[in-house]
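What follows is one structure encoded as structure tokens, with my remarks underneath.
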Amino acid sequence: MGQLMQLVDPIMDRAMAPGQGATKNRTPEKPQYDTDFTTRVIAATGSKAHPRLAEIMPSLLRHLHDFAREVGLTVAEWASAIDLINACGKMSDDRRNETQLLCDILGLESLVDEITSKKLATSTTETPSAILGPFYRNDAPLLPNGSSVVHNLTPSVPWYNQAVADSAYVTGRVLSCASGGGARTPLRNAIVDVWHTAPNGLYEQQDTDQPEMNLRGRFATDADGRYSLYCLRPVAYPIPDDGPAGQLLALLDRHPWRPGHIHFIVSAAGHRSLTTQIFDSRDEYINNDSVFAVKEELIVKFVPREGDPKAKWALEYDFVLGPMQEEVEETDQSAAFL
Ligand code: MBD
Ligand code: FE
């Protein structure tokens, strides 16, 4: 017998003689569940069911039922999960979306974001997307290029010194890759919608001390496709962990921190809107995001800015948008189930 056979031998033993091995290390017999049950539940769907639901529910039901059988889910465990989801709903309003936060810490929002962008992207030169997150407000003020999203910053603000130290000038172009062949053409009148937290780690709507719409703004690109604004280098901050999502993080022995990030929604006529985030390379959580949103292409390096009393740091970042694809996006239109 050669060396190789000696290595495989124990494995062969287990594979070929299950009865013998099992006497020492007995595992309880798996319960036999009604083998027909999931099929019957799937078959309950009627012929006039919503087409996309009819397509996806058999898979959802199979995975859901298989999960319950695989882990041996008990009524008590299922009831705590129901409590958790109900608590998320009760806590949610137009300032806080706890159910979305729950999905975020489970990686689900990042996963569906990746799936959606891979379905719709026409070119790998498009700027990658990243998740929207629960703190977007859709009515941020339209501000002139070169203006600041930092409002009412005076020395009496507790984080004044950090805001001065982190003051940043951010500029770049919005480009189209719609013409193909690697060409990128500037898009004028594209809208760059931006939002981020204050140095205390809070978005404006989470913090009664910040003015309405602080650190939010929309900027329209000029004839060269350029946008420019003053904002702050973003800081790492813990996602709100005072609700059920936070309880689950604690039960999983996980931290709530996100690396410092700036959110963007970039939109332009004839193009797919891009929801994304950029991440500051200095951040200690850059490889350890509690909502799994970081992508290599979205990590940026701020550089020192000379001779500008309004900014200590500068960043140049271009966004590349792909063309609108009406046929593919139609499926998304039908997603409004309720
Ligand atoms: C955030 O600020 C955020 O951007 C995401 C994606 C999830 C929770 C909090
Ligand atoms: Fe965020």
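Every heavy atom of this structure was used, including side-chain atoms; hydrogens, water molecules and symmetry mates were not.
- Side-chain contact check for Arg226 and Thr171: at least one donor-acceptor pair (N or O, by modelled atom type) lies under 3.5 Å.
- Judged by distance alone, with hydrogens and angles left aside, the side-chain atoms of Arg272 form a donor-acceptor pair with the main-chain N or O of Leu120 at under 3.5 Å.
- When each of Thr275, Thr116, Asp113 is tested with Ser129 by the rule side chain to side chain donor-acceptor pair (under 3.5 Å), just one qualifies, namely Asp113.
- Using a 4.5 Å cut-off between side-chain heavy atoms of Ile, Leu, Val, Met, Phe, Trp and Tyr, with links allowed through other members, Val235 and Trp195 fall into different hydrophobic clusters.
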Test side-chain contact (heavy atoms from CB on, under 4.5 Å) applied to His271 and Val174, step by step:
CA-CA 11 Å; His271 290 75; Val174 178; over 6 Å; no
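- Distance check, rounded to the nearest 0.5 Å: NE2 of His196 to CZ of Arg233 gives 12.0 Å.
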Full working for side-chain contact (heavy atoms from CB on, under 4.5 Å) between Leu274 and Ile265
CA-CA 5 Å; Leu274 169 71; Ile265 297 178; over 6 Å; no
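- Using a 4.5 Å cut-off between side-chain heavy atoms of Ile, Leu, Val, Met, Phe, Trp and Tyr, with links allowed through other members, Leu53 and Val41 fall into the same hydrophobic cluster.
- The shortest distance between side-chain heavy atoms of Ser147 and Phe219 falls below 4.5 Å.
- For the pair Leu106/Leu248, a side-chain contact is recorded, criterion being any heavy-atom separation below 4.5 Å from C-beta on.
- Under the 3.5 Å distance criterion, the side-chain polar atoms of Trp313 are matched with a main-chain donor or acceptor of Ala165.
- Judged by distance alone, with hydrogens and angles left aside, the side-chain atoms of Asn214 form no donor-acceptor pair with the main-chain N or O of Glu204 at under 3.5 Å.
- For the pair Asp242 and Arg96, the salt-bridge criterion is met [side-chain N within less than 4.0 Å of a carboxylate O].
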Test side-chain contact (heavy atoms from CB on, under 4.5 Å) on Leu229 and Leu143 and set out the steps.
CA-CA 9 Å; Leu229 64 126; Leu143 301 173; over 6 Å; no
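- Put simply, the side chain of Arg218 never gets that close to the backbone of Ile191: no donor and acceptor are under 3.5 Å apart.
- Shown here for Asp224 and Pro186, the closest heavy-atom pair between the two residues is O-CB, 3.3 Å.
- Taking both residues in full, the closest heavy atoms of Thr276 and Pro128 are given as OG1-O, 2.9 Å, listed atom of the first, atom of the second, then distance.
- In this structure, the side chains of Asn287 and Val294 stay at 4.5 Å or more apart for every pair of heavy atoms.
- Between Ile278 and Phe264, the closest side-chain pair of non-hydrogen atoms falls below 4.5 Å.
- In terms of modelled atom types and a separation under 3.5 Å, the side chain of Ser59 and the main chain of Ile56 share no donor-acceptor contact.
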Would Asp34 and Arg40 count as a side-chain contact (heavy atoms from CB on, under 4.5 Å) here? Give the steps.
CA-CA 10 Å; Asp34 179 351; Arg40 276 189 285 128; 2.6 Å; yes
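- Listed here is the closest heavy atom pair of Ser273 and Ser267: OG-CB, 3.3 Å.
- Atom CG of residue Leu102 and atom CG of residue Leu249 lie 9.5 Å apart, to the nearest 0.5 angstrom.
- Within the 4.5 Å cutoff, no side-chain heavy atoms of Pro158 are placed close to those of Asn200.
- Distance CG/Leu298 to CD1/Ile262: 12.0 Å, rounded to 0.5 Å.
- Taking every heavy atom of both residues into account, Ser167 and Ala311 meet most closely at OG-CA, 3.4 Å.
- Clustering ILVMFWY residues whenever any of their side-chain heavy atoms sit less than 4.5 angstrom apart, transitively, puts Phe292 in a cluster other than the one holding Leu108.
- Here the CZ atom belonging to Phe37 is positioned 9.5 Å from the CG atom belonging to Leu61, to the nearest 0.5 angstrom.
- Within the 4.5 Å cutoff, side-chain heavy atoms of Pro256 are placed close to those of Ile239.
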Would you sort out whether Arg258 and Asp104 count as a salt bridge (Lys or Arg N to Asp or Glu O under 4.0 Å), showing the intermediate values?
CA-CA 11 Å; Arg258 290 214 64 204; Asp104 289 349; over 6 Å; no
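- When side chains are defined from C-beta on, Ser148 does not count as touching Lys310, because their heavy atoms never get closer than 4.5 Å.
- Residue pairs satisfying the ring pair (Phe, Tyr, Trp, His ring centres under 6.0 Å) criterion with at least one member in residues 146-175, sequence neighbours excluded, are listed as follows: Tyr169-Tyr230.
- Between the side chains of Asp222 and Asn145, no donor-acceptor pair of N or O atoms lies under 3.5 Å.
- Put simply, CG on Asn138 and CZ on Arg216 are 10.0 Å apart, with the number rounded to the nearest 0.5 Å.
- Cluster membership check: Val164 shares its hydrophobic cluster with Val149, using side-chain heavy-atom separations under 4.5 Å among Ile, Leu, Val, Met, Phe, Trp and Tyr.
- Across all non-hydrogen atoms, the minimal contact from Gln210 to Leu202 is NE2-O, 3.0 Å.
- The distance from the CD1 atom of Ile286 to the CD atom of Glu296 is 9.0 Å, given to the nearest 0.5 Å.
- Other residues, nucleotides and ligands contribute more than 12 heavy atoms inside 6.0 Å of the CD atom of Glu212.
- In the hydrophobic cluster analysis, where Ile, Leu, Val, Met, Phe, Trp and Tyr join through side-chain heavy atoms closer than 4.5 angstrom, Val266 is grouped apart from Ile131.
- Across every non-hydrogen atom of Leu101 and Pro240, the tightest pair is CD2-O, 3.5 Å.
- At distances below 3.5 Å, at least one donor-acceptor pair connects side-chain atoms of Thr127 with backbone N or O atoms of Val320.
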Checking Tyr285 against His255 for the ring-ring contact (aromatic ring centres under 6.0 Å, His included) test, could you report, in this order, the C-alpha distance in whole Å, the side-chain angles of both residues, the deciding distance, and whether it holds?
CA-CA 10 Å; Tyr285 288 98; His255 71 76; 5.1 Å; yes
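- Taking the six-membered ring wherever Trp is involved, the centroid distance between the rings of Phe135 and His263 does not fall below 6.0 Å.
- At distances below 3.5 Å, at least one donor-acceptor pair connects side-chain atoms of Thr221 with backbone N or O atoms of Leu187.
- Side-chain atoms of His261 and Asp289 include no donor-acceptor pair closer than 3.5 Å.
- For Glu98 (side chain) and Ala245 (main-chain N/O), a donor-acceptor pair under 3.5 Å exists by modelled atom type.
- Taking the six-membered ring where tryptophan is involved, the planes of Tyr227 and Phe319 are tilted, since the angle between them lies from 30° to 60°.
- Checked by atom type and distance alone, the side chain of Ser110 never pairs as donor or acceptor with a backbone atom of Gly107 at under 3.5 Å.
- The list of side-chain hydrogen bond (donor to acceptor under 3.5 Å, both in side chains) pairs with a residue in residues 177-189, not counting sequence neighbours, is empty.
- Contact check for Met57 versus His50: no side-chain heavy atoms found under the 4.5 Å cut-off.
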